[in-house]
2 protein chains.
Amino acid sequence: MTTRGGSPTIVDVAREAGVSIKTVSRVLNHEPGVHESTRDQVLKVVEALRYRPKQSARSLAGGRSFLIGLLYYDPSALFVGSVQQGATLRCRELGYHLVVESLHNDAPDLRQQIDRMVMALRPDGMILTPPLCDNPEVLAALRESGTPCVLMSPERDIRGVPSVRMDDVHAAEEITNLLLSLGHRRIAFIKGPPDQSASAARFEGFTHALRSHDVELDPELVQPGAFTFQSGRDAAHQLLSRRQRPTAVFASNDDMALGVLAAAQRLGLSVPGELSVVGFDDSPTAALVWPPLTTVRQPVAEMARTAVEMLVFGHKADPNAPVDETELHKVLPHELVVRDSSTRAR
Amino acid sequence: MTTRGGSPTIVDVAREAGVSIKTVSRVLNHEPGVHESTRDQVLKVVEALRYRPKQSARSLAGGRSFLIGLLYYDPSALFVGSVQQGATLRCRELGYHLVVESLHNDAPDLRQQIDRMVMALRPDGMILTPPLCDNPEVLAALRESGTPCVLMSPERDIRGVPSVRMDDVHAAEEITNLLLSLGHRRIAFIKGPPDQSASAARFEGFTHALRSHDVELDPELVQPGAFTFQSGRDAAHQLLSRRQRPTAVFASNDDMALGVLAAAQRLGLSVPGELSVVGFDDSPTAALVWPPLTTVRQPVAEMARTAVEMLVFGHKADPNAPVDETELHKVLPHELVVRDSSTRAR
DNA sequence: CTGAAAGCGCTTACAG
DNA sequence: CTGAAAGCGCTTACAG
């Protein structure tokens, strides 16, 4: 026996391997300057004893917690689920762990809640999802505590603060181009809520595509929306009861596109026969409804993986090195998902 | 200044308050036997210095990590989202933090993944969601590591292992009773997949309700399903094309009920006019579709809160005290959510 | 390439 | 009711 009860410690490994604990520590942390035979011997003992360094001891001595925090607001959002999925997997690969905290964006004690978590856990980094990543109070609390952050799809980038996002403008342009290439000219657009920057970005992509194809935008075909099923259905009712109906609708997210589908069905309009419908997000239901929805897939899990990497590898070099702002704000490629809800205009 | 840079430690507080660090520790851990004036003085200094004990130090010295682990499999499941929401809030209230880990139920290195997390973090407890809570390998790994667990809605309870659930049989019985009280007699049932115990439980509640109302069960009205939209639609197509249609359908989860709604719409059957439809789960879309779905709400967040409490307060008394099995397996009250998809039979 | 010492910031016995 | 000492299990300088 190498230890009286309990799990093995670094001392057990050192004794068994006939080296000092410092050498064991070196091997475990992949530090250079250890003879290969020594390293092998240590690793063999580590394996035999099933030794794993204790996070609390490493953290206390080394100042790194191997913890990444994920702050989020809306628990029902699929976005958060995907973020978490990507982040938790990448963390595991890198020997980190993910601590999650659900906050209210407008809680009076938001500041305190963040402080408590940061002071107690000392996470090595924090991932912020919308709308928390756009909340000045949250950002200030984290900055003051010196906790590195990565913002996921923030409204706008902040100088010096790392972020990951996709290109909403481009994606919206692409999906509009798809409709245009299918011969659609009367294309309606259902906007998102004005307080989300994605709304404006997607609309910009839409208008840009129209313009570059010399298609004039009919203001009557642009409807406000709120990124909800309900608002999509309502907007569609407006659009589809016009004397001159659109041949296609671009709902700027999937929930609204599903609302459009429901409205069309209720009005007896066949999709895509009489109306093409496209969405944005590639929500799980987008593939399940009838007809399956043409949409844009956000690389959310990949964005989260990238966020973890930025936090883990971020400040490796000297902190006074000039930061490259382009390296700080990553844009990940999206994907056009073409399904049955879009077809050639007749 | 009480400290050269960095954040304040227990030593700073002790010095400032004119007591020993042991006394500060006592106050912070709500230990009895501290004079009120001393306590007040310490708390005042704690407040002034904005002192928060460091988790890694507490963990290393005290053997408690103040971390609760949440192991889950399906990231898209709304269930997990609600679990997390409830757990993270209750953890905060109790001074704990939630570490999440997404696992594959059939990963070859599942065992290792769990061991690594447990050995590194030493969480004070672990919450397991389906299907992981029914995986013998997972349970064995955790038992051997001595990590207390709470199972959320496991297939079946295990002696000595705490669990939280709702009463599926009862809930299914209640919602069937609702249909019966509305005058329905030809009630169809769409089952869940046989490998999930909830499937059998809900069917049992259904048949029990029929029997106690002396309504004979027509085997033709029972269809298999897979808890998916698709399977619900398919089953409904079968059921609704019979020469003698049912007047109501009980789909044993909401996703399938949505499929029934879609099938009815396609067949030109009005719901609830010509067909009542009820589901189970109260998924977010259940309230958004037309007509809004009558269903059963699982108290998922509450179940998670209870799970956290069981872990935090669980082993307070001496561990050799006789465990009360009834106390170990909690059943939380569900809620019948009556909306517009169910109405009187005509 | 390797190690002995000090220390991270708390809690756990143990005294008084 | 309060405190001095030891120790949890690692890593960080610092030597050699």
Side-chain angles (χ1 to χ4, degrees), chain A residues 2-43 45-46 49-67 95 118-122 124, chain B residues 2-43 45-46 49-67 95 118-122 124:
Chain A
T2 55
T3 168
R4 19 27 9 160
S7 26
T9 72
I10 197 172
V11 177
D12 299 318
V13 176
R15 184 181 342 99
E16 202 77 3
V19 297
S20 73
I21 62 167
K22 175 64 213 176
T23 294
V24 176
S25 174
R26 280 195 184 95
V27 172
L28 259 28
N29 290 296
H30 308 100
E31 285 174 34
V34 180
H35 196 90
E36 203 179 305
S37 62
T38 314
R39 175 181 306 277
D40 289 350
Q41 170 63 8
V42 169
L43 286 176
V45 176
V46 164
L49 263 44
R50 313 191 76 221
Y51 167 72
R52 304 283 168 207
K54 207 162 162 175
Q55 178 265 341
S56 55
R58 295 183 86 180
S59 179
L60 184 57
R64 294 196 299 165
S65 66
F66 297 92
L67 255 27
V118 169
M119 303 276 289
L121 258 30
R122 312 291 164 115
D124 293 337
Chain B
T2 56
T3 170
R4 25 4 36 152
S7 26
T9 72
I10 197 172
V11 176
D12 298 318
V13 177
R15 183 178 345 98
E16 201 77 1
V19 297
S20 72
I21 61 168
K22 175 63 211 174
T23 295
V24 176
S25 173
R26 280 195 184 95
V27 172
L28 259 28
N29 290 296
H30 307 101
E31 285 174 35
V34 179
H35 196 91
E36 203 179 305
S37 63
T38 313
R39 176 181 305 277
D40 288 349
Q41 170 65 7
V42 169
L43 286 175
V45 175
V46 164
L49 262 44
R50 312 190 77 219
Y51 167 72
R52 303 282 170 209
K54 208 162 160 175
Q55 177 266 340
S56 55
R58 295 182 84 180
S59 178
L60 184 57
R64 293 196 301 166
S65 66
F66 297 93
L67 254 28
V118 169
M119 303 275 290
L121 257 31
R122 312 292 165 115
D124 294 337

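Quick note on labels: first sequence line is chain A, next is B, and so on, each numbered from 1. No hydrogens, no waters, no symmetry mates; every other heavy atom, side chains included, goes into these values. The structure presented is a predicted model; accordingly, all values stated were derived computationally and were not measured.
Across all non-hydrogen atoms, the minimal contact from Leu28(B) to Val46(B) is CD1-CG2, 4.0 Å.
Every residue meeting the side chain to side chain contact (heavy atoms under 4.5 Å, CB included) condition with Ile10(A), not counting sequence neighbours, appears here in chain and number order: Ile21(A), Val24(A), Ser25(A), Tyr51(A). Taking Arg50(B) as the reference, Asp115(A) meet the salt bridge (Lys or Arg N to Asp or Glu O under 4.0 Å) condition, with sequence neighbours excluded. For Arg122(A), the side chain to side chain donor-acceptor pair (under 3.5 Å) test picks out Ser7(B), with sequence neighbours left out. Among residues two or more places apart in sequence or in another chain, the side chain to side chain contact (heavy atoms under 4.5 Å, CB included) test is passed with Arg26(B) by Lys22(B), Thr23(B), Glu31(B), Val34(B). The side chain to side chain contact (heavy atoms under 4.5 Å, CB included) search around Ser65(B) returns Gln55(B), Ser59(B), Leu67(B), Asp124(B), not counting sequence neighbours. Residues passing the side chain to side chain contact (heavy atoms under 4.5 Å, CB included) test with Ala120(B), sequence neighbours excluded: His97(A).
Rounded to an integer number of Å, the gap from CZ of Phe66(B) to C1' of dG9(C) is 14 Å. Between the P atom of dG9(C) and the CE atom of Met119(A) lies a distance of 12 Å, rounded to the nearest Å. Atoms CG (Leu60(A)) and P (dG7(D)) sit 17 Å apart, rounded to a whole Å. Distance, Asp12(A) CG to dG9(D) P: 9 Å, rounded to whole Å. Here the P atom of nucleotide dT2(C) and the CG atom of Asp40(A) are 11 Å apart, to the nearest Å. Rounding to whole angstrom units, CD of residue Gln55(B) and P of dC10(C) are separated by 11 Å. Between the P atom of dC1(C) and the CD atom of Glu36(A) lies a distance of 10 Å, rounded to the nearest Å.
Atom OG1 of Thr38(A) and atom CD of Glu36(A) lie 9.5 Å apart (nearest 0.5 Å).
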Nucleotides 11-16 of chain D: protein proximity per nucleotide (B base, S sugar-phosphate only, - neither; heavy atom, under 4.0 Å): BBB---

Watson-Crick and G-U pairing of DNA chain C, under 3.5 Å, as dot-bracket with | and [ ]: |||.||||||||.|||

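Among the protein residues, Val11(B) comes within range of no part of the nucleic acid, since none of its heavy atoms lies under 4.0 Å from any strand. At a threshold of 4.0 angstrom between heavy atoms, the contacts of Ser56(A) with the nucleic acid are absent.
Thr23(B) has no side-chain polar atom (N or O) that falls below the 4.0 Å cut-off from OP1 or OP2 of dT2(D). The phosphate of dG9(C) (OP1 or OP2) has no side-chain N or O of Thr9(B) nearer than 4.0 angstrom.
Using a 4.5 Å heavy-atom cutoff, the side chains of Gln41(A) and Val27(A) are not in contact.
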